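To start, the structure itself, in structure tokens.
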Number of protein chains: 2
Amino acid sequence: MSRCENCIIRQLNALKALSKDELKAISDSKTERRIKKGEKIFDENESLDGVFCVRSGASKLSKLQENGKDQIVKIAGSGEVLGKRSLIAEEKANLSATALEDMDVCFIPKKEITAKIYTNPAFTKELLQQLAQDLKNSENSTIDFASKTVTQRLAHTLLHLKSQAGEDRDGFLSLSLTREDLASVIGTATESCIRHIATFKKKGFIETQAKRIKILDLEGLKALE
Amino acid sequence: MSRCENCIIRQLNALKALSKDELKAISDSKTERRIKKGEKIFDENESLDGVFCVRSGASKLSKLQENGKDQIVKIAGSGEVLGKRSLIAEEKANLSATALEDMDVCFIPKKEITAKIYTNPAFTKELLQQLAQDLKNSENSTIDFASKTVTQRLAHTLLHLKSQAGEDRDGFLSLSLTREDLASVIGTATESCIRHIATFKKKGFIETQAKRIKILDLEGLKALE
DNA sequence: GGAGAAATATGACAATTGTCAGGTTTTGGG
DNA sequence: CCCAAAACCTGACAATTGTCATATTTCTCC
């Protein structure tokens, strides 16, 4: 069983502001969970009594639409704390979280977090700043959807996936989404997404091998977004 | 000169968590500003050393796009605290704020706010919850742009304007945006927006008088969104 | 109140995106 | 390794949205 005090992942989120003793308390009350690809971590409208700290693996945060399609809002990988917003707002989850790969997450009960918000100013500051960043990212994402074309959003998303999840030793994006999920991230129909990918291939910007994508011309993609 | 202690507007935002003494301190250091329709309150990339509490009048928060168009992210009216996100993130403004009507705002210097974040837990909690709400709204807005049609977004925006700003005695929306601004809120071309408005008129959902819009069939619009 | 500017409106057409239908390839479990 | 299911891909066409050109109406301010 791993200990929060020794976990490097916490450097990536607000938990880094906690003292060794505080981390020990969290460590004692947390539970580790292994989540298989495709499993849900939590569902929209679910009451969460804690947060999930992602140790490894990527997840998607999405919301089911009336037409039955799942609209992805964000891809969240290691270091992210899922359920943070719901915990702070004291509301049910607005989005559901689903594993895109096998994941290791730690569940930290609500009381461990809320207690510290009012007693550890450094932690509070981190939380506020994290929310402020999330808000900026979300606003910028809204702007992209409102004013950019599918081509631009695809280029942007591929570049984002490269910097967020990285590449494997063959140069392919480490996180390969299905075309359906990629289309949802971009906010378009699966077929439309596939066609734009085909265009990018023809233009030499990318190369694919089954669902995997390799970026060949970074500058070319940057010029598009 | 009005005093924060007596200002009812603060009930609408995180400032409501402050004590009378804290409000007095803020009141002494704040400056009131009257902003004319069309004027900018602050610009994107500007360093803000405080926040603007809106007493009256509506504003738009927007970001200039490469194509020269302004993408509106949000309409902010009385009670809203503009610049909050930048102050917390300790960053330059991500969006610019422009008056849509004549406005009265109070400028509150940064230090008045930051000091209280770590000393008044109730205020901190309000701030966190406000950011969490903003984040949820922004995420839901992203979802709408990513998955809804222009018709749906227009219907939704009209209903939102009605509940946010209300109607005048003739039943017209109190806040009348130009078609260009309305199009930007919706994320479409001005002409497209105008055409959808014409369609709504033909169907009896709304009525217009110059730029002003009156909602005739609330249920009809709700069914569309 | 009138002139000029700005905003609103409409037509015609192009470009983009969505949908449906059908194929092919890939994947994962036994 | 094989087979069924899932994912991927393509074509054909429809629907939506964007663009440009040009009226018409409304607003502004002198």
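We name chains A, B, ... by the order of the sequence lines, and we start the count at 1 in each one. Everything quoted here is computed from the prediction, not taken from an experiment.
Among residues at least two apart or in separate chains, ring pair (Phe, Tyr, Trp, His ring centres under 6.0 Å) pairs with a member in residues 52-76 of chain A are A:F42-A:F52, A:F52-A:F107. Applying the ring pair (Phe, Tyr, Trp, His ring centres under 6.0 Å) test to every pair with at least one member in residues 133-184 of chain B, sequence neighbours left out, gives no pairs at all. Sorted by first and then second residue, the pairs that involve residues 41-53 of chain B and meet side chain to side chain donor-acceptor pair (under 3.5 Å), not counting sequence neighbours, are B:K40-B:D43. Note on residues 91-104 of chain B: pairs passing side chain to side chain donor-acceptor pair (under 3.5 Å), not counting sequence neighbours, are A:Q133-B:E91, A:K136-B:E91, A:N140-B:N94, B:R34-B:D104, B:S56-B:D104, B:K63-B:N94, B:R85-B:E91. Counting only residues at least two apart or in different chains, salt bridge (Lys or Arg N to Asp or Glu O under 4.0 Å) contacts with residues 172-192 of chain A comprise A:K60-A:D181.
If you measure from atom NZ of A:K211 to atom P of D:dA7, you get 8 Å, rounded to the nearest angstrom. With rounding to whole Å, A:L177 atom CG is found 17 Å from C:dT27 atom C1'. D:dT28 atom C1' lies 15 Å from atom NZ of B:K36, rounded to whole Å. Taking atom CD1 of B:I213 as the reference point, atom P of C:dA7 lies 16 Å away to the nearest angstrom. At whole-Å resolution of the value, CD in B:Q209 and C1' in D:dT24 are 17 Å apart. Summarising the geometry, the separation between CD on A:E180 and C1' on C:dT27 is reported as 15 Å, rounded to the nearest angstrom. Atom CZ of B:R212 is separated from atom C1' of C:dA7 by 16 Å (rounded to the nearest Å).
For A:S78, the side-chain hydrogen bond (donor to acceptor under 3.5 Å, both in side chains) criterion is met by no residue, not counting sequence neighbours. With sequence neighbours excluded, the residues satisfying salt bridge (charged side-chain N to carboxylate O under 4.0 Å, His left out) with B:D168 are B:R212. In this view, B:E80 and B:K74 satisfy the salt bridge (charged side-chain N to carboxylate O under 4.0 Å, His left out) rule, not counting sequence neighbours.
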Practice problem: Between protein and nucleotides 9-18 of chain D, map the contacts as a letter string: B base, S sugar-phosphate only, - none, heavy atoms under 4.0 Å, written 5' to 3'. | Solution: BBBB----SS

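Across B:T157, B:L175, B:L173, a single residue satisfies side chain to side chain contact (heavy atoms under 4.5 Å, CB included) together with B:K162, and that is B:L173.
Under the 3.5 Å distance criterion, with hydrogens and angles disregarded, no donor-acceptor pair is assigned to the side chains of B:E167 and B:S174.
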Identify each donor-acceptor pair in which a side-chain atom of residues 199-210 of chain B lies under 3.5 Å from a protein atom, sequence neighbours left out, and give them as a table.
unit_1	atom_1	unit_2	atom_2	d
B:T199	OG1	B:R195	O	2.9
B:K201	NZ	B:T208	OG1	3.1

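Residues of residues 57-76 of chain A that place a heavy atom closer than 4.0 Å to DNA chain D do not occur.
End-to-end axis angle for the helix from C:dG1-D:dC30 to C:dG30-D:dC1, using five pairs per end and rounding to 10°, comes out at 60°.
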